[in-house]
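Comments concern the structure below.
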Amino acid sequence: MTTMLGLDLTGRRVLVVGGGPVAARRVQALVADGARVLVVAPALCEPLRDAHRWGQVEWKSHEVREQDLDDAWLVLTATGDGATDDQVAEWAAQRRVFCVHAGRVAGGTARTPATTSLGDVLVGVVSTGAPDPGRTAAVRDALAEKVRDVLADHLREGHVDVRGRRARDAGRVVLVGGGPGDVGLLTLAGRRALAEADVVVTDRLGPVEVLDELAPDVEIIDVGKTPGHHPVPQHEIGRILVEQAKRGRVVVRLKGGDPFVYGRGGEEVLACRAAGVPVTVVPGVSSALAAPAAAGIPLTHRGTVGALHVMNGHDGWSQAALVGLRDATCTVVVLMGVSALGELAGRALEFGVAPTTPVAVVERATTPTQRVTRATLATLEATALAEGVKAPAVLVLGEVAAEGLLEPRPVDSPGAPDLTDRTMAW
């Protein structure tokens, strides 16, 4: 028999043995739950390398040893080597520490349920007898679909159970904007598209945790890019989408943020249409909007600024952005600007933007390791270097980035709201 429990792992050490994709998916979920994750593996796959570089996990680059289990509350072993995973499970049992054995579920003392998030409710399904991942995932999916349909009935009309009734002989592509990282910011339409998918082509950014919710037979193709490293070029991504769809499959291209905001979604739509493949787009929450909001920064604020300019840091400044920033008439949000941060600051200062202009850098927005670094335009480069700012990050420049902007002030202080206008009262 199996007992299902909800574990509070916040601040508690969890050992993950293995450095491959299976371990990476488990690690992301654990980090999202606030666990202190130690990964033990001689080498790491790209998502785990990123997690280590960003300070999300601790890494010991050697083969697992018994002492690695010291102080662990939970152990997950996913090395892909049965003997190693069995040994880790045995060590854990001797220490009375629960262990999830990814390669042979019955070999561990704990099982990872098939889960799905519904608002602030986590729904999990686990088998009580012999491990049956396919059945538990199917039950999970059926429960999730039913509950989401009930919750969303007031948002739509003419509901159809797409999982059971859609025609599977006509391939198509759906570009899904996954939002900035928090799986809760993935839209209902995005979730429904994923529920239909035969194959998911995914990036390294966005809510990759949602991949654990997919049915076991869904193929996952990772085409993730990192700064300066594009192992799968854009034309090849287009080819993959077309090829998979022409095999009669429903292909979901899961992207971070919004597909049409520096997501190269337009190029993927063109590739599909040129090949005669039906393609649709599900908008997502762009990190240009979500990151500042998650950091408590309003991009427009009455009495401060009423316009917004979004730009790609790789392309450098536009004249409009520089003028707006110099004249304090707009907020400027820079995506993909960490590598060019010093050049951007220097050019703005040369143009006449005030050195005291507030700047905020929001790293890993909406994730448990989100961090906000504040500076002025003049101190931005030095501060970012001192604080070790790294991508992915969003830069916010302008008066709205000033610390304390939304802190209440005495009524008679300079810049305090006019409480006769109730729309401005805190």
Side-chain angles (χ1 to χ4, degrees), residues 175 177-181 203-206 223-238 253 255-271 281 283-292 295 297 299-300 305 307-355 357-365 373 375-378 380-381 383-385 389-398 400-401:
L175 307 187
D203 286 337
R204 71 186 181 94
L205 300 178
V223 295
K225 302 174 182 178
T226 56
H229 181 57
H230 299 173
V232 184
Q234 188 62 38
H235 67 84
E236 178 66 11
I237 294 174
R253 173 71 168 106
K255 308 170 78 70
D258 182 275
F260 282 0
V261 180
Y262 298 118
R264 305 189 75 166
E267 296 170 55
E268 291 168 6
V269 167
L270 284 171
V281 179
V285 180
S286 172
S287 58
L289 308 179
I297 300 172
L299 294 177
T300 62
V305 70
L308 170 65
H309 187 103
V310 179
M311 58 179 277
N312 174 357
H314 294 167
D315 294 338
W317 288 105
S318 67
Q319 186 77 3
L322 283 172
V323 171
L325 199 59
R326 182 194 63 191
D327 298 344
T329 57
C330 77
T331 301
V332 175
V333 174
V334 182
L335 304 181
M336 297 173 284
V338 171
S339 61
L341 190 146
E343 182 180 345
L344 290 169
R347 176 76 181 97
L349 290 169
E350 291 174 2
F351 190 79
V353 179
T357 299
V359 182
V361 184
V362 187
E363 298 173 79
R364 304 177 296 275
T373 300
T376 64
L377 187 62
L380 176 58
E381 184 175 16
T383 300
L385 182 63
V389 167
K390 299 197 180 299
V394 172
L395 279 65
V396 184
L397 302 93
V400 295

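The side chain to side chain contact (heavy atoms under 4.5 Å, CB included) check on T383 picks up T373, A375, T379, E387, with sequence neighbours excluded. Residues satisfying the side chain to side chain contact (heavy atoms under 4.5 Å, CB included) test with V310, not counting sequence neighbours, are Y262, A288, L308, V333, L335. V362 is linked by a side chain to side chain contact (heavy atoms under 4.5 Å, CB included) to A291, A295, A365, Q370, V372, counting only residues two or more places apart in sequence or in another chain.
With rounding to the nearest 0.5 angstrom, the NZ atom of K390 is 9.0 Å from the CD atom of E363. The OG atom of S318 sits 11.0 Å away from the CG atom of N312 when rounded to the nearest 0.5 Å. Taking OG1 of T357 as the start and CZ of R326 as the end, the distance is 11.5 Å to the nearest 0.5 Å. Taken from CE in M336 to OG in S287, the straight-line distance is 8.0 Å, to the nearest 0.5 Å. In this structure, L344 CG and H314 NE2 are separated by 9.5 Å, a value rounded to the nearest 0.5 Å. Rounding to the nearest 0.5 angstrom, the gap separating the CD1 atom in I237 from the CG atom in D203 is 6.5 Å.
Side chain of D258 to main chain of S286: no donor-acceptor pair is present (N/O by atom type, distance under 3.5 Å, no hydrogens or angles).
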From CA spacing to verdict: side chain to side chain contact (heavy atoms under 4.5 Å, CB included), F260, K255: CA-CA 10 Å; F260 282 0; K255 308 170 78 70; over 6 Å; no

Pair D327-V323, side chain to side chain contact (heavy atoms under 4.5 Å, CB included): steps then yes or no: CA-CA 6 Å; D327 298 344; V323 171; 3.5 Å; yes

Criterion side chain to side chain contact (heavy atoms under 4.5 Å, CB included) on L322 and R347, from CA distance to verdict: CA-CA 9 Å; L322 283 172; R347 176 76 181 97; 4.1 Å; yes

Steps toward side chain to side chain contact (heavy atoms under 4.5 Å, CB included) verdict (T329, V305): CA-CA 6 Å; T329 57; V305 70; 5.7 Å; no

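Using a cut-off of 4.0 Å between Lys/Arg side-chain N and Asp/Glu carboxylate O, R253 and E268 are scored as salt-bridged.
The minimum heavy-atom distance between A360 and A401, with the atom names listed, is N-CB, 3.9 Å. Across every non-hydrogen atom of A307 and T300, the tightest pair is N-CG2, 4.2 Å. Here the shortest heavy-atom pairing between M311 and A321 reads SD-CB, 4.2 Å. Contact record, A378 with L349: CA-CD1, 4.3 Å, taken as the closest heavy-atom pair. Here the closest non-hydrogen pair linking G313 and A340 is O-CB, 3.9 Å. Nearest heavy atom pair, residue L325 against residue V332, reads CD1-CG2, 4.1 Å.
Remark: of the listed residues T331, V361, V359, T331 is the sole one forming a side chain to side chain contact (heavy atoms under 4.5 Å, CB included) with V396.
Other residues, nucleotides and ligands contribute only 12 or fewer heavy atoms inside 6.0 Å of the CD atom of E343.
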